[in-house]
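Input: a single structure, listed below in structure tokens.
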Amino acid sequence: MAQVRKTTHSRKTGARKTGARSSARRKVSTTRKRSSRHAAPKRWSQRVTQESDALDLKRGVFKFKDPKKIAASLKRSAEHSRRRKAGAYRSALSMLTFYINRAGKTLPKTQRTRLERAKGELKRAFGKE
């Protein structure tokens with residue numbers, strides 16, 4: 001029975017040429033062209049929460065300790081806003097969901113559960129449950 005030889009390297013045995021030519025090529029490729037466009041602002045999500053055209057939120061609304069207070073504040077903001085495109089419930093819920101999603105993994109577990117409870121309170125406040 002013939003034995004199969006296992007190889008862990010390439011079959012090509014020729015040494016690679018590393019000379020001035022390849023390093024010169026590398027130097028040329030690392031230079032970047034400057035674009036005429038301006039870069040987009042880094043924190044677009046922060047700008048949305050601060051300058052949203054849909055709702056005028058009370059400052060620090062997502063930092064409240066009580067989910068009922070969060071829901072009540074979102075409801076008040078949504079109902080008083082005349083610039084929103086959707087219904088009051090949908091606008092309030094989307095703003096809450098937006099905040100939770102954009103915070104991602106950096107949102108502490110206690111605050112995340114508090115905000116998830118606020119979703120339920122928002123449902124009750126609008127009579128959707």
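Bear in mind that the values here come from a model prediction, so they are computed numbers and not experimental data. Atoms considered below: every heavy atom in the structure, side chains included; atoms not considered: hydrogens, waters and symmetry mates. Residues: numbered from 1 along the sequence shown.
Taking OH of Y89 as the start and NZ of K75 as the end, the distance is 12.0 Å to the nearest 0.5 Å. The structure places CD1 of I100 at 9.0 Å from CD of Q111, a figure rounded to the nearest 0.5 Å. Between the NZ atom in K63 and the NZ atom in K58 there is a gap of 15.5 Å [rounded to 0.5 Å].
The neighbour count for R90 CZ, taken as heavy atoms of other residues, nucleotides or ligands under 6.0 Å away, does not exceed 12.
Every residue was checked against the side chain to side chain contact (heavy atoms under 4.5 Å, CB included) condition with K105, not counting sequence neighbours, and none meets it.
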Only pairs under 3.5 Å count here: list side-chain donor-acceptor contacts from residues 115-127, not counting sequence neighbours, and write none if there are none.
{"unit_1": "E121", "atom_1": "OE2", "unit_2": "R124", "atom_2": "NH1", "d": "2.8"}
{"unit_1": "R124", "atom_1": "NE", "unit_2": "E129", "atom_2": "OE2", "d": "3.2"}

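Scanning both residues, F62 and I70, for their nearest heavy atoms gives O-CD1, 4.5 Å.
Not one N or O on the side chain of S91 forms a donor-acceptor pair closer than 3.5 Å with the backbone of A88. Under a 3.5 Å cut-off, the side chain of S81 and the backbone N or O of S77 do not form any donor-acceptor pair. No donor-acceptor distance shorter than 3.5 angstrom exists from the side chain of R114 to the backbone of D66, with no hydrogens or angles considered. Using modelled atom types, no side-chain atom of S73 and backbone atom of K69 make a donor-acceptor pair closer than 3.5 Å. A distance-only check finds a donor-acceptor pair linking the side chain of T106 to the backbone of A103 [under 3.5 Å].
A side-chain contact (heavy atoms from CB on, under 4.5 Å) with Y99 holds for exactly one of L107, L74, V61; it is L107.
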